[in-house]
Amino acid sequence: MRFLRPGTMAEACALKAEYPDALVIAGGTDVMVGVNFGRTDPLVMLDLTGIGELAQWRSSGEDIHIGAGLTYSRIVAELGDALPALASASRTVGSVQIRNRATLAGNLGTASPAGDALPPLLAADAAVELVSAGGARTVPATEFCVAPGRSVLQRDELIAGVRIARRRGPQHFAKVGPRNAMVIAVASIATTMDPANRTVAVGCGAVAPTPVRARAAEEFAAAALDWNGEAVLPKGTAAEFGALVADACSPIDDVRAGARYRRRAIEVLAGRALRRMWDEHLRRVE
Amino acid sequence: MKLCCTVNGEWCALDDVAGSESLLRLLRERLRLPGTKNACEQGECGSCTVYVDGESVCSCLVAAGQVDGSDIVTVEGLADGADAHPVQEAFVSAGAVQCGFCTPGLVVAAHALLARTPDPTDAELREALAGNLCRCTGYEKIFDAVRIAAGKTEAT
């Protein structure tokens with residue numbers, strides 16, 4: 001087998017054009033499981049960990065640009081204030097050992113509906129930057145995944161990074177699974193609130209073939225919340241919000257949970273997320 | 001491929017390495033360092049925890065080709081000559097070892113925790129060791145060992 005380890009993104013793009021079937025690896029926490037169990041026997045591997053620039057993040061106006069190779073440990077340690085939902089989600093990824101290797105772009109490349117970092121990207125209107133020898137393009141995170149394990153990534157393309165808005169208000173992330181660590185989500189939710197623009201956004205994981213937004217729930221919350229005042233959440237608002245979020249999902253029965261359980265879980269998580277964000281909002285207003 | 005890296009302070013140059021094989025396999029089969037254990041090969045159990053460039057990782061999930069030029073420390077590299085590392089001493093004095101299979105991974109994970117957080121709370125301790133499975137002890141003696149190593153309690 002050939003093991004390719006470019007030092008620059010331009011070099012990596014040229015190699016991907018030359019070897020479009022090369023197995024791309026960064027943190028390896030997903031890819032290597034397939035290799036170890038003989039499910040993938042790559043003739044060519046393209047390792048991106050030799051590209052220093054990929055493992056960096058930077059501020060860019062109101063946005064944060066996260067390089068494809070930034071590990072979850074660094075997101076937790078360095079981006080908790082700017083991106084609370086993404087940092088919370090990152091902290092639930094695997095274990096310390098996994099977070100020390102695994103990358104944000106790995107979650108995108110795997111395109112699992114249960115990818116922990118994906119709901120926060122959706123809820124923050126993040127954009128995924130793709131590059132190839134032919135050029136670059138940007139895809140909204142909401143459109144990146146198209147089916148379980150499938151994304152819009154083309155054979156000659158690599159994920160360069162993600163552009164995501166710095167927090168504009170309260171954010172929340174929650175995940176249901178059998179343990180606090182080392183679990184693939186049964187249901188997960190990321191929510192963001194932008195009091196200045198009077199909007200709420202919701203990203204759901206593990207409850208549909210791809211991570212999904214809950215637009216009707218978002219519109220309901222934007223209209224129902226008392227943005228001018230300092231009122232507590234009107235009775236029934238969180239419950240109706242939760243029901244609308246559940247309506248946006250189309251969960252299945254699988255080895256980890258039943259569809260009915262998933263639907264109920266996302267409904268409860270959503271109501272809780274709205275209450276917690278609104279409480280935080282009121283504390284800030286005071 | 002040809003591979004060069006530092007393992008427990010010693011410079012290694014290896015020929016004919018399959019870049020896709022795991023670092024775990026490289027350590028155990030090529031370098032004859034069997035302290036790092038092979039159990040799940042999917043990152044679930046932590047038995048194969050080693051340091052790569054100062055970060056604790058599951059060596060089963062690192063491709064050998066990725067460690068070209070890296071500095072690797074395994075459980076064999078923690079002791080100072082014949083003297084066990086204080087974390088290792090604490091595992092012995094707490095009786096934190098039963099079958100022993102998870103012990104090397106837990107020793108490295110505990111070492112990594114204390115290097116970063118010398119005085120961990122119990123919550124920090126549990127979070128830091130959440131990726132290491134032990135099927136014998138029920139973890140209490142292991143937590144005791146880390147508390148002893150951190151100087152929070154005395155060995156009994």
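Reminder, nothing fancy here: chain letters follow the sequence lines and each chain counts from 1.
- Both the backbone and the side chain of B:E127 come within less than 4.5 Å of a heavy atom in chain A.
- A donor-acceptor pair under 3.5 Å is formed between the side chain of B:E76 and the backbone N or O of B:G35.
- One N or O on the side chain of A:R179 and one on the backbone of B:A130 form a donor-acceptor pair closer than 3.5 Å.
- In this structure, the portion of A:T49 lying under 4.5 Å from any heavy atom of chain B is its side chain and not its backbone.
- Around the CG atom of A:D41, the shell of radius 6.0 Å holds no more than 12 heavy atoms that belong to other residues, nucleotides or ligands.
- Between chain B and the residues A:N36, A:T71, A:N180, the most heavy-atom pairs under 4.5 angstrom are made by A:N36.
- Most heavy-atom pairs under 4.5 Å with chain B, from the set A:R5, A:R2, A:M45: that is A:R5.
- Between the side chain of A:R101 and the backbone N or O of B:C58 there is no donor-acceptor pair closer than 3.5 Å.
- With hydrogens and angles disregarded, a donor-acceptor distance shorter than 3.5 Å links the side chain of B:R28 to the backbone of B:T36.
- With chain A as the partner, the residue from B:G19, B:G43, B:A64, B:A18 showing the most heavy-atom pairs under 4.5 Å is B:G19.
- In this structure, A:S73 contributes its side chain and A:N100 its backbone to a donor-acceptor pair below 3.5 Å.
- Annotation: maximal heavy-atom pairing with chain A below 4.5 Å, among B:A109, B:C40, B:G69, B:C60, occurs at B:C60.
- Under the 3.5 Å distance criterion, the side-chain polar atoms of A:R99 are left unmatched by any main-chain donor or acceptor of A:V76.
- Highest contact tally toward chain A, considering only B:M1, B:R25, B:Q42, is held by B:Q42 [criterion: heavy-atom pairs under 4.5 Å].
- Only the side chain of A:M1 has a heavy atom closer than 4.5 Å to any heavy atom of chain B.
- A 6.0 Å sphere centred on CZ of A:R91 holds no more than 12 heavy atoms belonging to other residues, nucleotides or ligands.
- When each of B:G65, B:S22, B:G46, B:A112 is checked for heavy-atom pairs under 4.5 Å with chain A, B:G65 comes out on top.
- Interface residue B:L133: only side-chain heavy atoms are found under 4.5 Å from chain A.
- For B:S56, the parts sitting under 4.5 Å from any heavy atom of chain A are the backbone and the side chain alike.
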